[in-house]
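The next block holds one structure in the form of structure tokens; read it before the comments.
Note that this is a predicted model, so its numbers are computed, not measured.
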Amino acid sequence: MGTDVKRSALTGIWRQLPFFLWLIALWMLLWGQFTVLAFLTGTVVAVFVTSVFRLPPVELSGRLNPWWLLVFLVQFLGAVVKGSLVVAWQVVRPGRQPGVSVVAVPLVTDDDLIMAHVGVTASLIPGSLVLETDRDRRILYLHVLGAATDAEVDAQRRMVQRWEARIVRAVGSPAQLEAIRASGAGGAEIRTRVKEERP
């Protein structure tokens, strides 16, 4: 009996480890510091948040693809650098002010954790910020700098949907991965559905 309890506890810790590490990584990203001190304080904060606030257990897929995780991290860092340069140029360039829009982004997967990851990723890239999430219809609403035309809005929407696909490829379940693959040709239909459902 004792062995089964220990094995169950170790299994629970192992399944929650990616989420715990994600909290630490998020802490370091928010502070913009990748140091030992930032890692240690992130660990303390992650332990505090998960133990004091008694969050419900997060059911992870149990799947981790190291290659797609690496692809996601490299592309994310590249997007942060590019976004910083674009926003800086939009602020200092003479002439017209950059347009802003609120963009509705429909997601394919029906998973709170994936939606949270996509929202955090989109918010950490300079130029966009999540304003609201519609959990029932799986829609993120983002405030986007530099998206004034329909083409720019559509490009921003597709970019966030690509982040969802990258996250699912890295840590999503097989069913979520299949949903992402199946939606590749149905992006226009999804966007049309959102427009029709908006009040």
Side-chain angles (χ1 to χ4, degrees), residues 16 18-20 22-23 25-27 29-30 46 49-50 53-63 68-69 72-73 75-76 79-80 82-83 86-87 90 98-199:
Q16 294 299 317
F19 177 67
F20 190 78
W22 173 251
L23 288 176
L26 180 60
W27 176 263
L29 285 169
L30 289 174
V49 167
T50 54
F53 290 102
R54 302 291 182 186
L55 298 173
V58 177
E59 291 297 327
L60 300 177
S61 67
R63 175 185 164 273
W68 280 110
L69 181 61
F72 168 80
L73 292 174
Q75 291 179 328
F76 173 73
V80 169
K82 180 182 176 182
V86 169
V87 170
Q90 289 172 338
V100 295
S101 298
V102 175
V103 181
V105 182
L107 302 181
V108 175
T109 55
D110 186 13
D111 184 270
D112 292 341
L113 190 57
I114 296 294
M115 177 178 271
H117 286 343
V118 176
V120 169
T121 300
S123 292
L124 287 174
I125 297 172
S128 62
L129 179 68
V130 173
L131 296 177
E132 183 182 350
T133 60
D134 187 336
R135 183 171 177 244
D136 294 332
R137 295 191 296 167
R138 300 174 303 188
I139 301 175
L140 293 178
Y141 293 94
L142 284 83
H143 180 273
V144 180
L145 182 67
T149 66
D150 289 343
E152 291 170 338
V153 168
D154 198 46
Q156 180 69 29
R157 182 179 294 116
R158 286 195 307 271
M159 184 188 74
V160 177
Q161 289 170 334
R162 284 195 297 270
W163 284 119
E164 178 193 17
R166 290 168 186 146
I167 290 170
V168 169
R169 287 187 187 109
V171 298
S173 67
Q176 292 167 346
L177 188 58
E178 186 58 36
I180 288 291
R181 288 174 178 159
S183 70
E189 296 175 7
I190 294 172
R191 291 192 292 274
T192 302
R193 175 174 60 82
V194 172
K195 291 179 181 177
E196 291 174 351
E197 290 178 352
R198 288 189 68 178

If every non-hydrogen atom of [X] is compared with every non-hydrogen atom of [Y], which pair is closest and at what distance?
X: Gly146; Y: Gln90; result: CA-NE2, 3.5 Å
X: Ala46; Y: Leu23; result: CB-CB, 4.0 Å
X: Ala122; Y: Ser128; result: O-OG, 2.5 Å

Can you check whether [X] reaches [Y] side chain to side chain, under 4.5 Å on heavy atoms?
X: Val168; Y: Asp111; result: no
X: Glu164; Y: Ile180; result: yes
X: Ile125; Y: Phe76; result: yes
X: Val108; Y: Gln161; result: no
X: Trp163; Y: His117; result: no
X: Leu142; Y: Val102; result: no
X: Ile114; Y: Leu107; result: no
X: Val130; Y: Tyr141; result: no

**Asked** Distance-only, no hydrogens or angles: does the Arg157 side chain make a donor-acceptor pair with backbone N or O of Ala104 under 3.5 Å?
**Response** yes
**Asked** Would you say Glu152's side chain and Thr149's backbone share a donor-acceptor pair under 3.5 angstrom?
**Response** yes
**Asked** Step by step, would you call Thr121 with Phe72 a side-chain contact (heavy atoms from CB on, under 4.5 Å)?
**Response** CA-CA 10 Å; Thr121 300; Phe72 168 80; 3.7 Å; yes
Rounded distance (nearest 0.5 Å) linking atom [atom1] of [X] with atom [atom2] of [Y]:
X: Leu73; Y: Arg166; atom1: CG; atom2: CZ; answer: 12.0 Å
X: Arg181; Y: Gln176; atom1: CZ; atom2: CD; answer: 12.5 Å
X: Ser123; Y: Leu129; atom1: OG; atom2: CG; answer: 4.5 Å

**Message:** Using the rule given for side-chain contact (heavy atoms from CB on, under 4.5 Å), can you reason through Asp134 versus Leu140, listing the C-alpha separation, both sets of side-chain angles and the distance that settles it, and then say yes or no?
**Reply:** CA-CA 6 Å; Asp134 187 336; Leu140 293 178; over 6 Å; no
**Request:** Take Val153 and Val144, measure what side-chain contact (heavy atoms from CB on, under 4.5 Å) needs, and give me the verdict at the end.
**Result:** CA-CA 8 Å; Val153 168; Val144 180; over 6 Å; no
**Prompt:** Residues in salt bridge (Lys or Arg N to Asp or Glu O under 4.0 Å) with Asp110, at least two apart?
**Reply:** none
**Ionic contact status for Asp154 with Arg158, cut-off 4.0 Å** = yes
